[in-house]
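Right, one structure below, let's go through it.
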Amino acid sequence: MRAYVDEYASFMTNVRHKAENTIESYKRDVSQYITYLNNSGVEDAALATRATVLSYLLLLKNMGRATSTVSRTLASIRSFYVFLLQSGEAQSDPTTNVEAPHVEKKPPTILSTEEVDLLLSQPSASDSKGLRDKAMLELLYATGIRVSELINLNVSDISLAPAFIRTSNGKKERIVPVGHTAVEAMTAYITKARRMLVKSGDEEALFVNCSGARLSRQGFWKIIKHYQQSAGIETEITPHILRHSFAAHLIENGADLHSVQEMMGHADISSTQVYSKLMNSHLRDVYAKAHPRA
């Protein structure tokens with residue numbers, strides 16, 4: 001059954017065109033499911049039944065896994081059986097009529113503009129690493145791109161005059177404008193720091209690590225955690241929280257939803273409307289606290 005996992009990952013890449021981080025999550029979920037099948041005496045995933053899948057999901061719940069994790073695991077297993085059916089390895093789908101547990105969506109965490117300013121002021125401009133980190137954080141907040149999009153940027157994807165970046169989520173390419181503060185940080189990085197970090201003139205990656213290779217997702221997470229701690233910010237900061245803050249601050253300052261949707265790369269505007277609702281809720285709270293007749 002282990003051979004199925006690599007074939008499934010290839011299917012997700014070449015047929016479903018899923019993003020790399022999504023494929024890794026699904027692959028990990030399916031690998032754990034196959035381990036469960038092996039331990040349960042099920043020799044072939046194609047022989048699993050609806051009861052088998054339900055038992056596995058119940059096991060995850062009893063292990064204390066979050067509802068969102070259980071729901072995502074079911075989605076992974078379901079897509080795995082789509083692959084098995086299409087490849088002729090299975091005749092039926094045991095996930096049919098298995099309902100995902102209801103996941104109550106939490107409102108996105110938004111940083112205040114003061115917290116963003118504090119975070120972005122942390123990198124030092126006195127060395128190559130500080131200039132690189134400043135450029136990455138400024139660009140992330142200026143454009144709202146995903147961390148996967150950030151680390152996958154090549155030098156050829158950015159223009160400083162006019163200022164924009166070309167990025168892709170794996171399905172659709174989009175052009176996002178870049179503000180002057182981020183342009184200044186990017187200019188300083190490209191002209192003063194990047195050439196000190198890269199080891200080869202053939203390196204295409206815009207952001208590289210201290211070894212001169214493309215910066216990894218994990219590497220950037222460590223960087224943002226470091227600056228959160230040095231800033232003394234208690235709010236847990238992730239790259240996606242900067243993305244949320246980008247959208248919320250745009251809407252708070254009058255940007256229209258469709259423009260924000262386009263910049264964020266949202267396929268459905270309902271994903272963008274979350275920020276509008278959040279800002280409306282925030283304004284109601286401010287009104288209730290500040291208006292004498294509220």
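For this chain, numbers begin at 1 and follow the sequence in order. Excluded from the calculations below are hydrogen atoms, water molecules and symmetry mates; all remaining heavy atoms, backbone and side chain alike, are included.
The closest donor-acceptor contact from the side chain of R78 to the backbone of P94 lies at 3.5 Å or more, if one exists at all. At least one donor-acceptor pair under 3.5 Å links the side chain of S245 to the backbone N or O of L111. A side-chain donor-acceptor contact under 3.5 Å links S200 to the backbone of D202. Checked by atom type and distance alone, the side chain of N152 pairs as donor or acceptor with a backbone atom of S148 at under 3.5 Å. Side chain of R214 to backbone of I151: a donor-acceptor contact under 3.5 angstrom is found. Of the possible donor and acceptor atoms, none in the side chain of S211 sits under 3.5 Å from a partner among the backbone N and O of A213. Judged by distance alone, the side chain of R243 and the main-chain N or O of G144 form a donor-acceptor pair under 3.5 Å. T22 contributes no side-chain N or O that, together with a main-chain N or O of K18, makes up a donor-acceptor pair within less than 3.5 Å.
Remark: R174 engages E149 in a salt bridge, criterion side-chain N to carboxylate O under 4.0 Å. Salt bridge present: K134 and E138 bring a charged side-chain N and a carboxylate O closer than 4.0 Å.
Aromatic ring pairs are classed by plane angle as parallel below 30°, tilted from 30° to 60° and perpendicular above 60°; the pair Y33 and Y36 is parallel. Between F83 and F11, the angle of the ring planes lies from 30° to 60°, which puts this pair in the tilted group. Between Y8 and F80, the ring planes are perpendicular. Angles over 60° get that label, and only those under 30° would be called parallel.
A distance of 10.5 Å separates CG in L59 from CD in Q32, rounded to the nearest 0.5 Å. For the atom pair OG (S76) and CE (M12), the distance works out to 7.0 Å, reported to the nearest 0.5 Å. Put simply, NZ on K225 and OG1 on T238 are 6.5 Å apart, with the number rounded to the nearest 0.5 Å. To the nearest 0.5 angstrom, S55 atom OG is 11.0 Å from L60 atom CG. Atom-to-atom distance recorded for I224:CD1 and Q229:CD is 12.0 Å, nearest 0.5 angstrom. Put simply, OG1 on T113 and NE2 on H249 are 6.0 Å apart, with the number rounded to the nearest 0.5 Å.
Within the 4.5 Å cutoff, the side chain of D29 has no heavy atoms near those of the T69 side chain. No side-chain heavy atom of T73 sits less than 4.5 Å from a side-chain heavy atom of V30. Side chains of D44 and L47 form a contact here, defined as non-hydrogen atoms less than 4.5 Å apart. Looking at heavy atoms from C-beta onward, Y56 lies out of side-chain contact with T52 at the 4.5 angstrom threshold. Counting heavy atoms from C-beta outward, L206 and N154 have side chains that stay 4.5 Å or more apart. L57 has its side chain within reach of V98: a pair of non-hydrogen atoms, C-beta onward, lies under 4.5 Å apart. Looking only at side-chain heavy atoms (C-beta outward), V208 and L215 stay at 4.5 Å or farther from each other. Side-chain contact between T143 and M263 is absent, with no heavy atoms from C-beta onward closer than 4.5 Å.
Side-chain contact, S230 with Q122: a donor N or O sits under 3.5 Å from an acceptor N or O. Neither side chain, E236 nor T109, offers a donor N or O lying under 3.5 Å from an acceptor on the other.
The hydrophobic cluster containing I34 does not contain L85, counting ILVMFWY residues as joined when their side-chain heavy atoms lie under 4.5 angstrom apart, directly or transitively. Hydrophobic clustering of Ile, Leu, Val, Met, Phe, Trp and Tyr side chains at less than 4.5 Å, counting indirect connections, keeps L140 apart from L131. Hydrophobic clustering (ILVMFWY, side-chain heavy atoms < 4.5 Å, transitive): M196 and I190 are in distinct clusters. Note on L74: it does not cluster hydrophobically with L58, by side-chain heavy-atom contacts below 4.5 Å among ILVMFWY residues. Cluster annotation: I158 is not connected to F164 through the hydrophobic network of ILVMFWY side chains, with a link wherever side-chain heavy atoms come within less than 4.5 Å.
Other residues, nucleotides and ligands contribute at most 12 non-hydrogen atoms within 6.0 Å of the NZ atom of K192. For E204, the CD atom is loosely surrounded, since the number of other residues' heavy atoms within 6.0 Å does not exceed 12. Applying the 6.0 Å contact sphere to NZ of K199 captures more than 12 heavy atoms from other residues, nucleotides or ligands.
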Q: Take D6 and K27, measure what salt bridge (charged side-chain N to carboxylate O under 4.0 Å, His left out) needs, and give me the verdict at the end.
A: CA-CA 8 Å; D6 290 334; K27 186 176 177 181; 3.5 Å; yes
(Q) Between L197 and N209, does the side-chain contact (heavy atoms from CB on, under 4.5 Å) criterion hold? Intermediate values first, please. (A) CA-CA 7 Å; L197 294 171; N209 57 28; over 6 Å; no
Q. Stepwise, does the side-chain contact (heavy atoms from CB on, under 4.5 Å) test hold for F220 with L137?
A. CA-CA 10 Å; F220 183 75; L137 291 175; 4.0 Å; yes
**Q.** R194 and R132: CA distance, side-chain angles, deciding distance, side-chain contact (heavy atoms from CB on, under 4.5 Å) verdict
**A.** CA-CA 7 Å; R194 185 179 179 276; R132 179 203 65 187; over 6 Å; no
Q: Could you check S10 against E7 for side-chain contact (heavy atoms from CB on, under 4.5 Å), going step by step and ending with a plain yes or no?
A: CA-CA 5 Å; S10 178; E7 294 174 12; 5.6 Å; no
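Taking every heavy atom of both residues into account, G179 and A142 meet most closely at N-CB, 4.4 Å. Taking all atoms of both residues into account, the shortest heavy-atom contact from V70 to P101 is CG1-CG, 3.9 Å. Minimum heavy-atom separation, A231 to L118: O-CD2, 3.4 Å.
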